[in-house]
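Inspection log for the structure reproduced underneath, given as structure tokens.
Here is how names work: the chains are called A, B, and so on, in the same order as the sequence lines, proteins then strands, and each is numbered from 1. When reading the values below, keep in mind they use all heavy atoms of this one structure, side chains included, and skip hydrogens, waters and symmetry mates.
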Amino acid sequence: MSAAYTTDEMMTVAAARMLRNGAVCFVGIGLPSTAANLARLTHAPDAVLVYESGAIGAKPGVLPLSIGDGQLAETADTVVSTPEIFRYWLQGGRIDVGFLGAAQLDRFANLNTTVIGPYGKPKVRLPGAGGAPEISSSAKEVLIVVKQSKRTFVERLDFVTSAGFLTGGDARERARLPGKGPVAVITDLCILRPHVTTRELEVTSIHPGVDRGTIAGHTAWEVRFAESCDATAPPSAQELQVLRDLQARTAAAHGATDGAAAESA
Amino acid sequence: MSAAYTTDEMMTVAAARMLRNGAVCFVGIGLPSTAANLARLTHAPDAVLVYESGAIGAKPGVLPLSIGDGQLAETADTVVSTPEIFRYWLQGGRIDVGFLGAAQLDRFANLNTTVIGPYGKPKVRLPGAGGAPEISSSAKEVLIVVKQSKRTFVERLDFVTSAGFLTGGDARERARLPGKGPVAVITDLCILRPHVTTRELEVTSIHPGVDRGTIAGHTAWEVRFAESCDATAPPSAQELQVLRDLQARTAAAHGATDGAAAESA
Amino acid sequence: MAEWLSLAEAIAAHVRDGDTVAMEGFTHLIPFAAGHEIIRQKRRNLALIRMTPDLIYDQLIGAGCARKLTFSWGGNPGVGSLHRFRDAVEHDWPAPLELEERSHSDLANAYVAGASNLPFAVLRGYSGSDLPRVNERIRSVTCPFTGEVLAATPAVRPDVTVIHAQKADEKGNVLLWGVLGVQKEAVLAAQRAIVTVEERVRTLDAPPNACVLPSWTVTAVCEVPRGATPSYAHGYYERDNAFYRAWDGISRERERFRAWTEEHIVHTRDFNEYLRVQNDPGIQVAYR
Amino acid sequence: MAEWLSLAEAIAAHVRDGDTVAMEGFTHLIPFAAGHEIIRQKRRNLALIRMTPDLIYDQLIGAGCARKLTFSWGGNPGVGSLHRFRDAVEHDWPAPLELEERSHSDLANAYVAGASNLPFAVLRGYSGSDLPRVNERIRSVTCPFTGEVLAATPAVRPDVTVIHAQKADEKGNVLLWGVLGVQKEAVLAAQRAIVTVEERVRTLDAPPNACVLPSWTVTAVCEVPRGATPSYAHGYYERDNAFYRAWDGISRERERFRAWTEEHIVHTRDFNEYLRVQNDPGIQVAYR
């Protein structure tokens, strides 16, 4: 039994479930941080949260508003410099799971966080790469959390900031990227996973109350559905309560609106 | 007025005098460490001693027996990792003066601390390079402290571990080594400096009680004397007292013989 | 040896028109007071470098101090866009802004190369990314042992680096702790370094392996309490999250930004007066 | 996650004949107890790596455990030669020892490259030195921006790294402080890591930027008090300088070395019994 919940809550809970206990997770601010902390507070108490600010093993009591909040440093096992976090920990191959968001993604889970429109004369200048190009290449696995819409799920990226499966098939392996790449895209409507050979994203689990037409209507390419497409289990009462408690504590601490999320990688 | 003193004391005092106040000095164990600490305790209280163990600004009360003694860490402004000391501090160009010793040196102040005899089948296997190749190239200036003998001051090195002026003239500049190279060699007999154009070492100052014949007899090549060859001032009473106090404190702390010096770079 | 100066003196002496300037601090210890002083002294044509431009560079860009920006992530963390940065890039206001865009990993490595006196850094990066197509200074190098091709990035060597730290002692030795970012590397990579600190203390009392910058690596050190606000200083004060959110409104339109900057920066004498005008909760009673 | 094991169990499980083994500690925190245990368990054909071989590798080489040594300075610090090392190099006793010789700067950079998952490191080094003539694995690389030629060195990637540290907590998180050497890099560059510690504690209580190796970077952790003697452990005990000097006599002749090793290492059960035989001042009353 679960109480009523929002689509954002469904997305966050679905993302949190992806994180296995004990995994070392490179976390960006916003939805990824919320999902990773929800996982830590529910089924994955030994998940290790690594923030690109250098906090390793952070156990924040409230959600950080920035990637380098003081609480991350205070609750971490250790805090290292920014060069070290990227050199020894990410590039060093010590990260099991990287969480990423994006302004645009394509059917092969390539990501754009740089510009909408041409690079030299952009319609919208986005924040840029941050850690994403190297998270997407060096983390052993990547999870992408993003709200689904035709503006976001595009036929063709305006700019490839970070590699997913490139042109699909074995293109990623041929480019010799160290990590496996995206293993799932979690949205407010469904979960998509790369097809085993083509590597095109296909819907593998549909959130409660969502139908295939809605998903297709929020995707600019002709989205495929896996043969055995599951129904996502709704958030449990416990998941919802832990998530809401976390967001309430965060709001009390920051005076922050809980939806405040930047596209920081 | 000064008390009687040994040739080792003369050498150490002469080396200490070379270090100007405020200089940042990369120090090896043995004579260099003794000389640098003597300088710090006499005319150069603001000399900064950097040990390759990572201690920056060490102010030891007794002489360390090893390059990484606890007292170096305890009295330092900060202690950094070994990679950092070589990358950011030595290679980074932050060292004014590097002190080096050697088992052999030639007329162009190239140094051997690797082998006597052929490399593949050495007669004597010496400790090796340590930090010397990069100290000799990256420190802005190098001071060499070594006892003079025909075994040490050789016509031809068995192995060039660390570059002085290579084949002389502008060879060092042509090899684009960042630092100026050796500015003086301080021995138990005299001080030698590179000639301004040929870069061959020539005797510029003779210690009290030593004559030219003795120096020539302790040098395997035909050693030159500068036109204006000075007499080294004998150790002052204060220099001797500070040095002897330092060595007495060291002996009391370590039970060490004061002459115990390794060729560590 | 570092010289103790007022912040106005330090900026006047060591930040020059046309300089390449790095102001670092990874969400923590961002040198806002120094940024304001650069605006107040009307520096022009600066080539700014910073991994995460943040509000501090939004202010400098909007105030017309910058001709170029080298960066890896330009947003208002937890809030959204940097509107002055976007206006410069999208509409050349108040002036065109040349971008040299990198990834975090690249810029962090580039500072390391600078601190290490190397001309370039090697990283495993950018595979499949379009960034090397728009930045010709992202190149490659081949491993002489394995034949593998890796990304190469030129070292960052600023004319001057500006950071904020928690403490400095009388001699000018600087201590920082908590989220360290890339500050040590940024200082060691630069020709000159200005450090603002929360407090001037007799002794640092630093743990043995703390992040200490010896006095002789620093050009000028300035006591500027709360000099990192609205960023934070671990052990001193918290991040002013409300200001980060408010900035979204202040900076969205050119006129409001201009009015705010005039009132709060151009027409204040120094950072203490800014704190008073800003009604900052940490402003010392003595200055009220 | 690190597993708490006895040292004998850890060496038995994780150090194998033929392995590439790095045992680091720059004069400080040298893992002597682990070195003894490797001799006791008669490991053979090890490819040893260590910046400063020191007495620990003199013992391993003399005991016949090594086929190769990668190093940068092989002496008895403050005393003189390493006689067993020299005997192996000069007279192939007890077996020929292949040397891969580098400089400190090179090896330190090579560990950094290993920890960073890069195949090689770049340094400004070896100019004018003969070392690249006798070590074909010192090569060069050209800067793609300036055309400058720099030295290149292959990354060090040990099968197993062994270090000693001051503390570990129940979970196996490790803390070290003081002279840090290259231990963090050596652990992060390796496939497996064994850490011996002075004490097992409930919590580390580490300063914010201390050198901590999280449990998940370590394979096995072993409580071995005084496990670094005759080296030292900052905050626990001093360097046994008398032993370093005594080693010169113990190790000078093959027979005396062999007798010492039999009595002190081969015929002792563990490091505690060694400390008793050695009449070490720190031996716990409980073990007498």
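- Remark: Tyr126(D) OH to Leu177(B) CG distance equals 14.0 Å, nearest 0.5 Å.
- Across Gly181(D), Gly75(D), Ala108(D), Gly235(D), the residue that shares the most heavy-atom pairs under 4.5 angstrom with chain B is Gly181(D).
- For chain B, the nearby part of Phe85(D) is the side chain; its heavy atoms alone come within less than 4.5 Å.
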(message) As a quick check of understanding, evaluate side chain to side chain contact (heavy atoms under 4.5 Å, CB included) for Glu52(B) and His104(D), giving each step before the final call.
(response) CA-CA 9 Å; Glu52(B) 66 189 12; His104(D) 278 354; 3.3 Å; yes
(request) Give the C-alpha distance, both sets of side-chain angles, the deciding distance and a yes or no for side chain to side chain contact (heavy atoms under 4.5 Å, CB included) between Glu74(B) and His234(D). (result) CA-CA 9 Å; Glu74(B) 278 157 18; His234(D) 208 126; 3.2 Å; yes
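- Taking chain B as the reference chain and counting heavy-atom pairs below 4.5 Å, the highest number among Gln183(D), His28(D), Arg239(D) is found for Arg239(D).
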(message) The test is side chain to side chain contact (heavy atoms under 4.5 Å, CB included); show your working for Glu24(D) and Thr82(B) and say whether it passes.
(response) CA-CA 11 Å; Glu24(D) 283 292 349; Thr82(B) 305; over 6 Å; no
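- Crowding of Glu253(D) atom CD: a count of heavy atoms from other residues, nucleotides or ligands under 6.0 Å not exceeding 12.
- The shortest side-chain heavy-atom distance between Val149(D) and Arg176(B) does not fall under the 4.5 Å cut-off.
- Of all the listed residues (Arg172(B), Lys121(B), Glu134(B)), the one sharing the greatest number of non-hydrogen pairs under 4.5 Å with chain D is Glu134(B).
- With a 4.5 Å cut-off on non-hydrogen atoms, Pro178(B) touches chain D through its side chain but not through its backbone.
- Proximity to chain B is limited to the side chain of Phe71(D), based on heavy atoms less than 4.5 angstrom apart.
- When each of Ala73(B), Pro83(B), Gly54(B), Pro133(B) is scored by its heavy-atom pairs under 4.5 Å with chain D, the top score falls to Pro83(B).
- Heavy-atom neighbours of chain D within the stretch residues 157-171 of chain B, taken at a separation under 4.5 angstrom, comprise Phe159(B), Val160(B), Thr161(B), Ala163(B), Leu166(B).
- Applying the 6.0 Å contact sphere to CD of Glu238(D) captures no more than 12 heavy atoms from other residues, nucleotides or ligands.
- In terms of non-hydrogen atom pairs under 4.5 Å with chain B, the most contact-rich of Leu82(D), Leu131(D), Leu180(D), Val134(D) is Val134(D).
- For the residue pair Val79(B) and Val179(D), the shortest heavy atom distance occurs at CG1-CA, 3.9 Å.
- Residue Leu99(D) touches chain B through its side chain alone, counting heavy-atom pairs closer than 4.5 Å.
- With respect to chain B, the highest number of heavy-atom pairs below 4.5 Å among Ser105(D), Ala151(D), Cys211(D) belongs to Ser105(D).
- Around atom NZ of Lys140(B), more than 12 heavy atoms belonging to other residues, nucleotides or ligands sit under 6.0 Å away.
- The closest side-chain heavy-atom distance from Glu101(D) to Thr114(B) is below 4.5 Å.
- Contacts of Glu84(B) with chain D are absent, with no heavy-atom separation under 4.5 Å from either backbone or side chain.
- Within a 6.0 Å radius of CZ in Arg249(B), other residues, nucleotides and ligands contribute more than 12 heavy atoms.
- A donor-acceptor distance shorter than 3.5 angstrom exists from the side chain of Gln91(B) to the backbone of Arg124(D), with no hydrogens or angles considered.
- Within the 4.5 angstrom heavy-atom criterion, only side-chain atoms of Glu185(D), from C-beta onward, approach chain B.
- From Ile135(B), atom CD1 reaches atom OG of Ser103(D) across 10.0 Å, with rounding to the nearest 0.5 Å.
- The parts of Val182(D) that come within reach of chain B are both its backbone and its side chain, each placing non-hydrogen atoms under 4.5 angstrom from that chain.
- Side-chain atoms of Tyr232(D) come within 3.5 Å of backbone atoms of Gly70(B) as a donor-acceptor pair (strictly under, hydrogens ignored).
- Residue contact with chain D, scored on non-hydrogen atoms closer than 4.5 Å, is absent for Val115(B).
- Counting only heavy atoms from C-beta outward, the side chains of Pro122(B) and Val89(D) approach each other to under 4.5 Å.
- Residues Tyr119(B) and Arg133(D) have side chains not in contact (no heavy-atom distance under 4.5 Å, counting atoms from C-beta outward).
- Most heavy-atom pairs under 4.5 Å with chain B: of the set Gly125(D), Ala242(D), Ser129(D), this distinction falls to Ser129(D).
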